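Note sheet for the following structure.
The figures that follow rest on heavy atoms only: side chains count, while hydrogens, waters and symmetry mates do not. Keep in mind the model is a prediction, meaning the values are calculated, not measured. Naming convention: chains lettered A, B, ... in sequence-line order (proteins, then strands); numbering from 1 in each chain.
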Number of protein chains: 2
Amino acid sequence: MALPSPVVNLYTLSKYDFYKKEPKIEKDTSVADRLARLSFKFLYERRHEDQRCRHLTGAFTCSFNLLSIQEHNHPHLLLLQIGNTFHKLPGGRLKPGENEIEGLKRKLTSKIGFNFPDRVPDWQIGECVARWWRPNFERYVYPYCPNITEPKECRMIYMVHLSGTEYFAVPQNLKLLAVPFFELYDNAQRYGTIISKIPHQLSRFQFNMINNNNN
Amino acid sequence: MALPSPVVNLYTLSKYDFYKKEPKIEKDTSVADRLARLSFKFLYERRHEDQRCRHLTGAFTCSFNLLSIQEHNHPHLLLLQIGNTFHKLPGGRLKPGENEIEGLKRKLTSKIGFNFPDRVPDWQIGECVARWWRPNFERYVYPYCPNITEPKECRMIYMVHLSGTEYFAVPQNLKLLAVPFFELYDNAQRYGTIISKIPHQLSRFQFNMINNNNN
């Protein structure tokens, strides 16, 4: 029954190509805005008896992707930076009835890929890394399902296995940053609850550092 | 490549039998004592060119087990309490050359089982949940391998899948406590860095709450 730890190959940033694409307007300009929109949609759906967006135990399901690389043999996470202070993982809400993995790929392409038919990247979605629950329309999220009848949101985080051949197309108004694990670790003040806990949740993975001159 | 989240069945505490056994004397009475012993052993081994206890990239490897149950449909973790304030997971250091899974089972039996030939429990060791590294002979541990040549200790945490038929034999000087996830969550002050982060590391698991009257 005991399973080996999953292995992830990490290539250096210089293995990848980077492009710019048209700016991506954020739907919400603050956390309060986002919570207000979530609450509105939730109540709207209930009124119209349409709960198709709630995939898991009645909560809205958002999925996010982890893209990892290495620099100086230390793992780094790729984060989208909005303005100077806000960071997020590429992802978003699943469509009604959408398969989770298809939704993750769609969101990755829309956030950091080109959607031209001949350039859609072949993302390899891997292990579920974490799941966070929002019991109420508030800032607080928890890594376990709260004992209430209607949790409001479930955020799932998945590992993406990069092969060193992908490219990234970053919206002009955003930056794609490689942030080392030691910078993220327990740094909730800068990166928020969810991102600052990713190093903990990845500790079971075995990272295989691949240097460009090895290939 | 995308893998489904592992499922863990959680039974209520009343499914299990509890016994007392002879007291188990702690090797160390404080964290400082433990670090001093670790340091002594490390240097002793180096002097005698015997590094057989260092299983993983040269660090001493300790393995710990997670035993989970449910009460009121909320997951709980079984922790050993020493005195009134100190909590730990059942586990310990692997022997030279010992297989990890065999070592985990041996430690579980020695800590909370009977070692009589006809009563040795059939522990089901499951997924690796976390790995923590101690770069120096100090209190600080990190969930990623530090960029130094000789990390001093690696602690691995594994899920144990209980079937509701096990028994626990608790040393008279210890208590076996079921602590709810919401109590552990981010409560490093009471439970320490490692235990307080377990709810984060288990968020990817699907807990299947089994009530006694279902069986």
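The only option from Leu79(B), Val160(B), Leu202(B) that meets the side chain to side chain contact (heavy atoms under 4.5 Å, CB included) definition with Leu66(B) turns out to be Leu202(B).
Between Phe137(A) and Phe42(A), the distance separating the two ring centers is shorter than 6.0 angstrom. Residues Phe64(B) and Tyr158(B) keep their aromatic ring centres 6.0 Å or farther apart. Remark: aromatic rings of Phe168(A) and Tyr19(A) are distant, center separation not under 6.0 Å.
When each of Phe182(B), Phe205(B), Trp132(B), Tyr142(B) is checked for heavy-atom pairs under 4.5 Å with chain A, Phe182(B) comes out on top. Note on His74(A), His200(A), His72(A): by heavy-atom pairs under 4.5 Å with chain B, the leading option is His200(A).
In this structure, the portions of Phe181(B) lying under 4.5 Å from any heavy atom of chain A include both its backbone and its side chain.
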